[in-house]
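Inspection log for the structure reproduced underneath, given as structure tokens.
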Number of protein chains: 2
Amino acid sequence: MRKVVSSGQPTIKEIAKRLNISVSTVSRALHDHHSIGLRTKARVQQLAAELGYERNQTAIFFQQGKTFTIGILLPELSEAFFSSAISGIEDTAYSNNYTVLLGQSHDDEAREKQIIQSFKQHRVDGCIVSIGKNTRNYDHFEMLRQAKIPVVFFDRIPDLPNIHAVSCNLESGTVQAVDFLLKKGHRCIGMINGPEQLVASKERAAGYIRALGKHRLKYDPELIVNADLTAAGTAAAMQHLLKLKRKVTAVVTFNDYVAMDAVQYALKQKLEINKDITFVSYANTPVSSYTAFPPAASVEQFPYEQGQAATNMLLDILNGTLALNDYQQRIMESQLVLHT
Amino acid sequence: MRKVVSSGQPTIKEIAKRLNISVSTVSRALHDHHSIGLRTKARVQQLAAELGYERNQTAIFFQQGKTFTIGILLPELSEAFFSSAISGIEDTAYSNNYTVLLGQSHDDEAREKQIIQSFKQHRVDGCIVSIGKNTRNYDHFEMLRQAKIPVVFFDRIPDLPNIHAVSCNLESGTVQAVDFLLKKGHRCIGMINGPEQLVASKERAAGYIRALGKHRLKYDPELIVNADLTAAGTAAAMQHLLKLKRKVTAVVTFNDYVAMDAVQYALKQKLEINKDITFVSYANTPVSSYTAFPPAASVEQFPYEQGQAATNMLLDILNGTLALNDYQQRIMESQLVLHT
DNA sequence: GTTAACCACGCAAGCGTTTGCGTAATTGGC
DNA sequence: GCCAATTACGCAAACGCTTGCGTGGTTAAC
């Protein structure tokens, strides 16, 4: 047999040999099993300490068919919103003795599929995922379902039946945002929304429409424009809004980055921020308060807490507290925060 | 024997039984081994596809004593600098078929030690770590060294001999920064530095002193103050600098967050930014350009590229291209970027 | 004194995969 | 037609650990 490179790490076999007892006794002694004599336990535990013994987790993972690992797949790790979420996920996973495998899709569907594949091969116990902007096909998640690997979707959740999900109630947050603008006297409010297929976009639009309804105002579809979240797309959207006959005096933007791009565009058009035009956004950067022209208000989405909630839901499934097919959608409340 | 919950995943044993051949043949067929007949190969591969066979990585990890996993330990996942770095690390790990285990220390030494322990138990092939602000004891890294688990330190590197490390040449960047201020006519330049024991702090101080030396100016130790990077600490540091007899007209701050805190303090003292006082900082947030009072210039540290470089160095060690005891310090050039 | 209970430990299987070696059967060279 | 090389596969061990079951030996109960 090929002599595998021994990492030098002592094994229970080693301990057993040195103490002239069987490996099973060593194993049980280390687990404080009741059927092992106190003397033996002590001897084993002392020798283990001396040798610096450490259980080989890979062996246990393999033997138990469980890895105490969760895969987390996000579109972009460097975005503030997601990195806060990761922080929340890692914190609660850590305190439950789980570790975190990481992958970023860069909004690329093929890469998303590959990472899910890799997670599956790594036999993760479960996944937390926020899908990419361009993902249209959900076969990879169907695979996970068949493999009985639980998935909790989070923030960017796909439009699928029977899923576990944690997200923010953007509809109500949007209602608050539009309410705020209406109360400040704005009557022609534009919205730069995200890609149409995202639930997040649908919710924003729904909130917008509901807020108008509450105030018995009629809704003009021209005022909501779906953009692609790039600077160019935002500029195009702004151009569209500013060309309309009714003068747009306020804009709700999909997120802070879009807001900042929109502000740039408005400034180029010689518009005065907060006078000619007011912006309200959805918070996803911690430094927006330091920004030159911050949005007048923004809808806080609590990414850290969302990450915690998603992880807790996943852990509940893994513990058996929550049944795998008891699909839950945890919807957290968003909150409008004024900056002026 | 206890019947382990079969995940329903097909194994090579399954395939072997169905085809009436041995598992070794199946294994070799799936690896395209030359000693397997074409017909057999085809039959195996087809059945594997039909059954949706997927190798059990945990078994392979265990058997090979290698996990194709690297642990990455950072102080704070939600900080822009680190999340960019993660992005770089994940990208290059991914394209080399490695996956990433994540941990954040929150600058807590005990937690840092626990995470390293967990990484070790998970039998990661190597680690990339940026140490916490408060870490004084390096026993956990000594453990890794003894276990022959390679570690590449990155950005916040400990003051230890014989380590692999990737960092930015903050000294030269600082020279550029101070040069820039001197050329703009500033003669009394303060520096809000980080905790003394950090190499990053020492480099900044050294650069500051070297720049003054280049211009034949004498160095006043009062002008460099070590702070703890909190808002309160920064305020105290600013207070100290502004109380000095010689009027400080420019300040080099440890990072953008410190800069923003310092700006806040200066504003409270009714100072006019970029007139009464000018700030230069070290870039670690992508949105500093949107900030109301951005630093006049900042030293870019290229976190994404640093992450890539650290990962590449680690992979070189794992591949055997670079010897484990051939300690390398890769120092990347920082670059002063003007914002005005 | 017999039975039952319990204590302390060993045996061995099994998790899924890889791989060195052994061994038939086939082929080719002369 | 004989030996060697090649082809095509099987055997079994090994990775480290857990755990159901078996087995002596001691103690307690009636």
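Convention: sequence-line order gives letters A, B, ...; per-chain numbering from 1. Since the structure is predicted, the reported quantities are computational estimates derived from the model, not experimental observations.
Counting any heavy atom pair closer than 4.0 Å across all strands shown, B:Tyr53 reaches sugar-phosphate atoms only and no base atom. Within the nucleic acid shown, A:Ser35 comes within 4.0 Å of at least one base atom, counting heavy atoms only. At the heavy-atom level, A:Ile12 lies under 4.0 Å from base atoms of the strands shown. A:Ser27 comes within 4.0 angstrom of a base, heavy atoms only. Using a 4.0 Å heavy-atom criterion, one finds that A:Thr58 contacts no nucleic acid atom at all.
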Stepwise side chain to side chain contact (heavy atoms under 4.5 Å, CB included) check, B:Gln117 with B:His140: CA-CA 8 Å; B:Gln117 179 77 13; B:His140 41 318; over 6 Å; no
Evaluate B:Glu142 against B:Arg145 for salt bridge (charged side-chain N to carboxylate O under 4.0 Å, His left out), listing each step before the verdict. CA-CA 5 Å; B:Glu142 197 46 50; B:Arg145 188 196 304 269; 3.3 Å; yes
Under the side chain to side chain contact (heavy atoms under 4.5 Å, CB included) criterion, do B:Leu314 and B:Asp316 qualify, and how do the steps go? CA-CA 5 Å; B:Leu314 184 59; B:Asp316 281 348; over 6 Å; no
Go through the steps to decide whether A:Asp107 and A:Arg156 satisfy the test salt bridge (charged side-chain N to carboxylate O under 4.0 Å, His left out), and finish with yes or no. CA-CA 11 Å; A:Asp107 287 315; A:Arg156 294 208 204 150; 3.0 Å; yes
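Between A:Thr25 and the phosphate of C:dA8, there is no side-chain N or O to OP1/OP2 separation shorter than 4.0 Å. Residue A:Lys13 places none of its side-chain N or O atoms closer than 4.0 Å to OP1 or OP2 of D:dA14. Remark: A:Arg55 is in phosphate contact with D:dT18, judged by side-chain N or O atoms under 4.0 Å from OP1 or OP2. Between A:Ser22 and C:dG10 there is a side-chain N or O to OP1 or OP2 distance below 4.0 Å. Between A:His34 and the phosphate of C:dC7, there is no side-chain N or O to OP1/OP2 separation shorter than 4.0 Å.
One atom, CD1 of A:Ile21, and another, P of D:dC17, lie 14 Å apart when rounded to the nearest Å. Atom-to-atom, CG of A:Leu51 to P of D:dG16 comes out at 14 Å; the value is rounded to the nearest Å. The distance between atom CZ of A:Phe62 and atom C1' of C:dT18, rounded to the nearest whole Å, is 11 Å. Whole-Å rounding puts the B:Gln63 CD to C:dT19 C1' distance at 8 Å. For A:Asn56 and D:dC15, the CG to C1' distance is 8 Å, given to the nearest whole Å. Whole-Å rounding puts the B:Ile36 CD1 to D:dT6 C1' distance at 14 Å. Note: CG (A:Asn20) to P (C:dC11) measures 11 Å, nearest angstrom. One atom, CZ of A:Arg39, and another, P of C:dA8, lie 12 Å apart when rounded to the nearest Å.
Within a 6.0 Å radius of CZ in A:Arg18, other residues, nucleotides and ligands contribute 12 heavy atoms or fewer.
With B:Phe62 as the aromatic partner, B:Arg123 does not meet the cation-pi criteria of under 6.0 angstrom to the ring centre and within 45 degrees of the ring axis.
Here the nucleotide nearest the side chain of B:Arg28, chosen from C:dG16, C:dC21, C:dG14, is C:dC21.
Across the helix from C:dG1-D:dC30 to C:dC30-D:dG1, the helix axis at one end is tilted relative to the axis at the other end by 40° (nearest 10 degrees, each axis from five pairs).
Contact check for B:Pro303 versus B:Phe82: no side-chain heavy atoms found under the 4.5 Å cut-off.
Heavy-atom distances to DNA chain C give each of A:Leu38 and A:Ser24 a nearest nucleotide, and the one nearer the 5′ end belongs to A:Leu38.
In summary, the aromatic rings of A:Phe68 and B:His122 are positioned with their centroids too far apart to meet the 6.0 Å limit.
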